2 protein chains.
Amino acid sequence: MSLKHALLGFLSTEPASGFDLAREFGESLGWFWYASHSQIYPELRRLEEQGLVQSTTSTGNPGKQKRTYRLTEAGAAELRSWLEQPTEYAPMRDVERLKLVFLDSAPIDVVRRHLEDHRKHHEDLLAVYSQQLRELHQGVFPRLVKRLASRPASAHPMITGLKVLAMQGNIARARTEIHWAEDALSWLDGMEREGRA
Amino acid sequence: MSLKHALLGFLSTEPASGFDLAREFGESLGWFWYASHSQIYPELRRLEEQGLVQSTTSTGNPGKQKRTYRLTEAGAAELRSWLEQPTEYAPMRDVERLKLVFLDSAPIDVVRRHLEDHRKHHEDLLAVYSQQLRELHQGVFPRLVKRLASRPASAHPMITGLKVLAMQGNIARARTEIHWAEDALSWLDGMEREGRA
DNA sequence: CTTGTCATGTAATTCGTTACATGATTGC
DNA sequence: GCAATCATGTAACGAATTACATGACAAG
């Protein structure tokens with residue numbers, strides 16, 4: 001039930017169309033939640049049926065229809081209540097680790113390639129997150145700017161701080177994965193040397 | 001398509017029943033993959049239709065039916081081919097982080113509770129993983145023992161090593177989350193002090 | 001006039017969760 | 001006799017992916 005609340009959350013910053021939301025949920029490697037447009041459009045309709053959001057079709061531009069959704073009071077209440085409840089942790093499903101434990105009869109180069117891919121993947125993530133953290137600090141990160149705009153200056157440190165915190169968490173994760181992959185690669189080199197000796 | 005390969009992987013150690021597999025996929029906080037029995041039983045039937053596994057019903061015990069699945073040569077080949085292919089990384093979906101970025105108008109105690117829960121969750125995971133790592137090193141971890149049994153001694157360091165590596169990765173992750181949560185809590189305390197000053 | 005971006009949708013399928021359902025065996 | 005564990009399944013629903021489908025507008 002999280003797509004629902006992810007949408008309500010994004011709409012709590014400002015009204016947006018399905019297209020806008022699909023862009024935000026797809027770009028920047030996902031920014032905490034990913035969803036495709038084919039999941040978003042029907043979900044928004046469902047939220048409207050439930051009275052949690054309300055849509056207006058753009059007048060002005062004829063032909064080019066654009067449906068903008070805004071949060072209703074009921075939607076804001078639903079979001080608040082979800083935010084207050086403790087998080088239920090999703091069961092672990094980790095394809096890479098799963099592969100790793102069964103790779104024990106594969107050629108050593110296959111194992112190495114997997115670990116190198118893993119390192120590369122998280123290095124790419126780290127680059128993106130580091131850039132986004134810089135943008136958060138510089139106050140040029142669009143989503144943050146919009147969120148600050150509608151709120152009093154006294155609330156700004158908390159608003160910014162929580163985003164920075166979340167991003168730092170992603171950075172810490174990426175670094176951990178990179179370090180782990182590097183340690184694993186050294187260990188693998190050791191194995192190979194011993195195997196040849 | 002990973003449940004399929006998770007099952008093939010587990011069956012590559014030794015034949016097992018749906019019940020055995022459901023126990024392994026459910027216990028110990030999941031050991032890299034979680035699935036419920038209601039997903040496992042039909043999937044095993046499908047794998048049998050595809051000729052990747054083969055089942056035998058226990059004779060001997062009448063009434064108490066127990067269906068044991070073993071990997072076929074085709075199943076082993078499918079597993080090898082999956083293991084060789086590069087991993088596709090799942091898009092990010094992180095409920096806790098998502099909540100965190102929208103918690104900026106909630107009472108500070110709600111934020112604190114979320115961070116404390118997060119720390120607690122990963123401390124619990126860390127305890128389990130640390131115990132399992134000890135068992136791996138002591139050679140008393142059942143799944144590892146079984147896997148070593150069917151393979152020559154020269155392969156043992158690699159078999160054990162990869163499991164240790166995977167577990168160390170989980171431990172590193174858990175530690176990172178705990179440290180992050182603690183940093184976040186200190187920051188939050190600072191915010192509260194400033195807010196009251 | 002064609003490519004790219006904006007914009008919104010539906011359909012088919014697969015994957016995963018929750019709940020329902022049944023029956024045998026073992027230990028107390 | 002009763003509870004716990006072993007053992008296997010189905011049904012209904014919800015979440016997510018992939019593919020199909022359409023059309024406006026802007027820039028070159």
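Scope of the values below: all heavy atoms of this structure, side chains included, with no hydrogens, waters or symmetry mates. Since the model is a prediction, treat every value here as computed from it, not as a measurement. The sequence lines fix the lettering, A, B, ..., with proteins before strands; numbering per chain opens at 1.
The distance between atom CD of A:Gln39 and atom P of C:dA12, rounded to the nearest whole Å, is 18 Å. Summarising the geometry, the separation between NZ on B:Lys66 and C1' on D:dA7 is reported as 8 Å, rounded to the nearest angstrom. In this structure, B:Ile40 atom CD1 and C:dT17 atom P are separated by 11 Å, rounded to whole Å. Between the C1' atom of C:dT10 and the CD atom of A:Glu43 lies a distance of 16 Å, rounded to the nearest Å. Between the OH atom of B:Tyr41 and the C1' atom of C:dG16 there is a distance of 17 Å, given to the nearest Å. We find that CG of B:Leu7 is positioned 13 Å from C1' of C:dC15, with the value rounded to whole Å. As a whole-Å value, the separation of B:Leu3 CG from D:dA15 P is 20 Å. In this entry the distance linking CD of A:Glu88 with P of C:dT17 reads 12 Å, nearest Å.
One can find a donor-acceptor pair under 3.5 Å joining the base of C:dT18 and the side-chain atoms of B:Ser38. At a cut-off of 3.5 angstrom, the base of D:dT8 holds no donor-acceptor pair with the side chain of B:Ser17.
Both tests pass for B:Arg97 against the ring of B:Trp180: distance under 6.0 Å to the centre and angle within 45° of the axis. Annotation: cation-pi geometry not satisfied between A:Arg193 and A:Trp187 (NZ/CZ under 6.0 angstrom from ring centroid, within 45° of ring axis).
A salt bridge links A:Asp20 to A:Lys66: at least one charged side-chain nitrogen sits closer than 4.0 Å to a carboxylate oxygen.
Distance from the side chain of B:Phe19 is smallest for D:dC6 among the nucleotides D:dC6, C:dA7, D:dA16. With C:dA7, D:dA15, D:dA7 as the candidates, the nucleotide lying closest to the side chain of A:Met1 is D:dA15. Side chain of A:Arg23, nearest nucleotide from C:dA7, C:dG16, D:dT8: C:dA7.
Taking the nucleotide of DNA chain D with the nearest heavy atom to each of B:His37 and B:Arg93, the more 5' of the two is matched to B:His37.
Without hydrogens or angle criteria, B:Lys163 side chain to B:Phe141 main chain gives no donor-acceptor distance under 3.5 Å.
Centroid-to-centroid, the aromatic rings of A:His118 and A:His114 stay 6.0 Å apart or farther.
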